[in-house]
Amino acid sequence: MDRNARPGRWVRDLELADPGLRVEPACSKATIQRFNEVLGEKPVEWGVRTAHDMVARMAEIMPDFAAGSSQFLALQLGVESGVLGVLNSLASGKVTGDGESTEAVQSAREYVHKRIPLALVLATVRRGHSWLTESLMRECTRIVAPDDHVTELTALSELAFEYVDRLAGALGSAYLDEHERWLSTANAVRDEAAHALIAGKDVDVRLASQALRYQVEDRHHIAIFVWQESSLSGEMSLLQSSASKYLDSIGAEGVLLMPQGRFSLWAWGSRRSAFRDNYRDQPFSAGPRLRVTVGVPGVGATGFRQSHLDALEALKVAHLTGIVNNVVVHHRDINLLALLLSNPRSAEQFVARELGSLANNDPQTREIRRTVRSYLETHSPQATAEQLFIARNTVGYRLRRAESVIGHPVTERTVELWAAIVIADATSVERRVEAVAVPLDGAGFSSSTSSTS
């Protein structure tokens, strides 16, 4: 590096080690273009990927940010904008930024509507600063000549700290301003009424209905959760219109829409009589990358609450298994899977104990698991061969391979073995929707045994 060059210029040499690591930005095209012009496309790609990885780490240790893709997206928007702002400041040799108009600060307002405490928001800033500084220091020592390490690392530490300190102040101000504004609106009253019902508090349902402008008593309810997977997908009006059309298509007579920030929406539909049994057959007409999870219909305040909790649980399962790529996920279709995955850590340990290396995700092992699962559900090697379009001898060979791994015949611990395979298939890296396409309500499965030969 030129010793006369101002510190920080090395940032323009940042780039991904592998072009395959590129991810879609959360920030607007205008924001990305602006940073491309001052930093270059490769440093911006590095920043976007680094932000994505930071958010994934935050979501793992801070469950409030892992509750769904809308929370993840709001966090990604803020972190990504902050990372690019730090890179721009380093390259410029001074702290840059445009105050409260930055997307990082705008994301703070999202957290108000999602009821994420300000203390937690600021904790993510501190963790993010630490992780980003570590990453930049590694890159700096890789790019910069050893004689310049001290100068560059000192400048990096000082500028990154100053930028993040200012950002934290702006985030706090934006959060508190939005919180005060929100409390002064009628939406806050509706929000409190809905949360009280969802929490199962002892509330006057008649007064809650008046606050919501939605009849809760003596009505059948179905709840949905609608979200967009990209900040570029559209506006809240698209979520609202899509939710209204869907609820109308399944016969809702009353509709309640409650935006949750910019990227997601809670909604309920109500009827005097029960919803039709074929409501799950109704397609969801939505814009690009718009998704919906649907709860099980229920009656009165209890049904209002439980259907909403079902929709949120379906969202959790959709993200854990990868069926989030489906436009519509009905809780009734994945209720057993939801039970099996209610404690992801315990489910992971259960799979490891029951399957051992049969839980691996290489193609050959997946085929063996698929064969064992089919056999457990059909109780017949011949039926398994016909179902999978393979020879009966192949079925026998694969079952014996499985038995050698798990240490006992597949005709023993059949319920546990089947459940472990269902979990392993649903949570595999491949995220294959077909892995959970077989009905998971227990139909067609029993613990009866038959010969595997």
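Nearest heavy-atom pair across Leu167 and Gly82 is CD2-CA, 4.3 Å. Across all non-hydrogen atoms, the minimal contact from Glu24 to Gln76 is O-NE2, 4.0 Å. Minimum interatomic distance between Tyr279 and Arg332 (heavy atoms only, all atoms of both residues): OH-NH1, 3.9 Å. Taking all atoms of both residues into account, the shortest heavy-atom contact from Ser270 to Arg219 is CB-CB, 4.1 Å. Minimum interatomic distance between Leu39 and Leu84 (heavy atoms only, all atoms of both residues): CD1-O, 4.2 Å. The two atoms that bring Phe275 and Gly269 nearest to each other are CZ-O, 3.6 Å, heavy atoms only.
Side-chain atoms of Arg291 never come within 3.5 Å of backbone atoms of Gln228 as a donor-acceptor pair (strictly under, hydrogens ignored). Although no hydrogens or angles enter the test, the distance criterion places a donor-acceptor pair under 3.5 Å between the side chain of Ser209 and the main chain of Val205. Side chain of Asp18 to backbone of Leu21: no donor-acceptor contact under 3.5 angstrom is found. Panel note: side chain Ser173, backbone Ala170; no donor-acceptor pair is recorded below 3.5 Å. A donor-acceptor pair under 3.5 Å is absent between the side-chain atoms of Arg49 and the main chain of Arg22, judged by distance alone. Side-chain atoms of Glu80 come within 3.5 Å of backbone atoms of Ala26 as a donor-acceptor pair (strictly under, hydrogens ignored). No side-chain donor-acceptor contact under 3.5 Å links Trp227 to the backbone of Leu290.
For the atom pair Asn36 CG and Lys29 NZ, the distance stands at 13.0 Å (nearest 0.5 Å). A distance of 7.0 Å separates OG1 of Thr31 from CZ of Phe35, quoted to the nearest 0.5 Å. Between atom CG of residue Leu153 and atom OG of residue Ser157 there is a gap of 8.5 Å, rounded to the nearest 0.5 Å. In this structure, CZ on Phe304 lies 5.5 Å from CG on Leu197, to the nearest 0.5 angstrom. The NE2 atom of His308 sits 12.0 Å away from atom CD of Glu313, with the distance rounded to the nearest 0.5 Å. Rounding to the nearest 0.5 Å places SG of Cys27 at 5.0 Å from CD1 of Ile32.
Under the 4.5 Å side-chain criterion, counting only non-hydrogen atoms from C-beta, His331 is not in contact with Thr293. Between His149 and Val144, some side-chain heavy-atom pair lies under the 4.5 Å cut-off. The side-chain heavy atoms of Leu87 and Val44, taken from C-beta on, include no pair separated by under 4.5 Å. For the pair Leu136/Leu14, a side-chain contact is recorded, criterion being any heavy-atom separation below 4.5 Å from C-beta on. Taking the side chain as every heavy atom from C-beta outward, Val86 and Phe161 never approach each other to under 4.5 Å. Counting only heavy atoms from C-beta outward, the side chains of Arg370 and Glu367 approach each other to under 4.5 Å. Side-chain atoms of His221 and Tyr214, non-hydrogen and from C-beta on, do get closer than 4.5 Å to each other. Residues Arg369 and Leu355 have side chains in contact (heavy-atom distance under 4.5 Å, counting atoms from C-beta outward).
Inspection of the Ser135 and Arg138 side chains reveals an N or O donor paired with an N or O acceptor under 3.5 Å.
By the 6.0 Å contact criterion, CD on Glu134 is enclosed, its count of non-hydrogen atoms from other residues, nucleotides or ligands being greater than 12. Summarising the local packing, CG of Asp277 is surrounded by 12 or fewer heavy atoms from other residues, nucleotides or ligands at distances under 6.0 Å. Other residues, nucleotides and ligands place no more than 12 heavy atoms under 6.0 Å from the CD atom of Glu348.
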Next on the checklist: Test side-chain hydrogen bond (donor to acceptor under 3.5 Å, both in side chains) on Ser357 and Asn360; report intermediate values, then the result.
Outcome noted: CA-CA 5 Å; Ser357 61; Asn360 292 349; 4.7 Å; no
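A salt bridge links Glu162 to Arg166: at least one charged side-chain nitrogen sits closer than 4.0 Å to a carboxylate oxygen. Looking at Arg57 and Asp53, no side-chain N of the basic residue comes within less than 4.0 Å of a carboxylate O on the acidic one, giving no salt bridge.
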